[in-house]
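All ligand and atom numbering here is 1-based and tracks the order in the structure. What you are looking at is a predicted structure, and each value in this text was computed from that prediction instead of being measured. Computed from heavy atoms alone, side chains included, the values below leave out hydrogens, waters and symmetry copies.
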Amino acid sequence: MKGKRIVLGVTGGIAAYKSAELVRRLAERGAEVQVVMTAAAQHFVTPTTFQALSGRPVRSDLWDDGHAAGMGHIELARWAELVLVAPASADFLARLAHGLADDLLTTLCLASAAPIAAAPAMNQLMWRNAATQFNVDLLERRGVRMLGPGIGEQACGEHGPGRMLEPPELVACAAALLSPAGPLRGRRVMVTAGPTRECIDPVRFVSNRSSGKMGFALAQAMQEAGAEVVLVSGPVSLPSPRGVRRIDVESCDQMYAAVQRELPGTAIFVGTAAVADYRPVCCAEQKIKKSSETMSLELTRTTDILAHVSASPQRPFVVGFAAETHAVEQYARAKLLAKNLDLIAANEVGHRKAFDCDENALLVLWRGGRIELPSSSKLELARALTGLIVERYLEQPDPGERRSASAGEGADGADTARELAAPSGVRAS
Ligand code: CTP
């Protein structure tokens, strides 16, 4: 952690006193720590304590005259390599989830490209409250890492989840976030997501119900596993997962062009996009006016991006998706073979199933194997699927390149993959 720049946000909660020790331990590891306190935090601990331990004046005011033309939040947002908020109160999580920017800490969180981690600390009923859980879920889906909370005796005398993790645990989490050492470290993963739009005329298109949620969750899970992730997305209304490079496209042709451009150096390709199988033969230059009672639209096949990637000379490890309304396993296995995939994840789709839902279940198939991943949130599912992909990928009898992914990390890649595949009991463990 030597020389790593950490903004430590301290919000209002009894656990703020533990943050003093957290600063000391981060500083011992060589990190540069800039403490930012909310007004509420100052009711629990004085800035003087943090100033003495961090060796830097504590920042708390959005309107601090001493900083470049009132742009202190931007300067801090750029400076940070990690924003760690500990303790993170229910109020802070709510404000961050809703994009409020009414104090220095929330504003710099919005303005920073650095990873954000929050260590929640609050009464167990406040933690369990549906509003808090909703906010936490929203933040996690946007890539904010929740560190804890722990379960146990609380300052208020109650027992349950809501304790801030202890400083040594938080230091370990911060170290992991600052130098991700996941099994895919140094590997590039490309994920396609969302629907495509195939133009009929300037105002109309052919498309489908895909929301892109599964692809975005997978991009996030791959990034958490240490990969450099390129996400090629059709039109969706989802925020980009943190630390992921996103390329927006509309049509199958544009998606294919982006994939071809990014393919060199890609170790794993995951096609989650619901690419249109057909597009109108031509796109009218002007809006088509209604005339006859019926009209026909002539369609032609689009390029099968997944099949092309699989047949490319520098073929990466290729993962496909299959959305089926019936005979799921039979069709999925046929696609695995027809497109020469390394692995396929299949799900049942239909009215109110899979598309645009937050939960899903998957049947994962590869040559000689199958596993069912039961229904859970798309992010949990994506993490489990990433674990399976990593396991298969590292088993490939391929050229040193692939093998070296697990070398030197002190852990056998397959073990690491199993850890990833195991649904975590504790958030962001
Ligand atoms: N795919 C692709 N390019 C296309 C079509 C599909 O890359 N033009 C990818 C999807 O991202 C997904 C997989 O192929 O990973 C789905 O296979 P596909 O055979 O297209 O599935 P369906 O469209 O469901 O096929 P069918 O209608 O024959 O069931």
Checklist entry - What part of Thr302, side chain, backbone, both or neither, has a heavy atom within less than 4.0 angstrom of ligand 1? => result side chain
Considering heavy atoms of the protein only, find what lies nearest to [atom] and give residue, atom and distance to 0.1 Å.
atom                    : value
atom 5 (C) of ligand 1  : Asp277 OD1, 3.5 Å
atom 10 (C) of ligand 1 : Ala273 O, 3.2 Å
atom 22 (P) of ligand 1 : Lys335 NZ, 3.4 Å
atom 16 (C) of ligand 1 : Phe321 O, 3.0 Å
atom 8 (N) of ligand 1  : Thr303 O, 2.8 Å

Checklist entry - Counting from 1, what ligand 1 atoms have a heavy atom of Gly320 closer than 4.0 Å? => result 15 (O)
Item to check | Donor-acceptor under 3.5 Å (Arg142 side chain, Ala97 main chain) | outcome: yes
Lys/Arg N to Asp/Glu carboxylate O, [X] vs [Y], below 4.0 Å:
X      : Y      : value
Asp342 : Arg392 : no
Glu32  : Arg5   : no
Glu21  : Lys18  : no

Item to check | Within-shell test, Lys339 vs ligand 1, heavy atom, strictly < 4.0 Å | outcome: yes
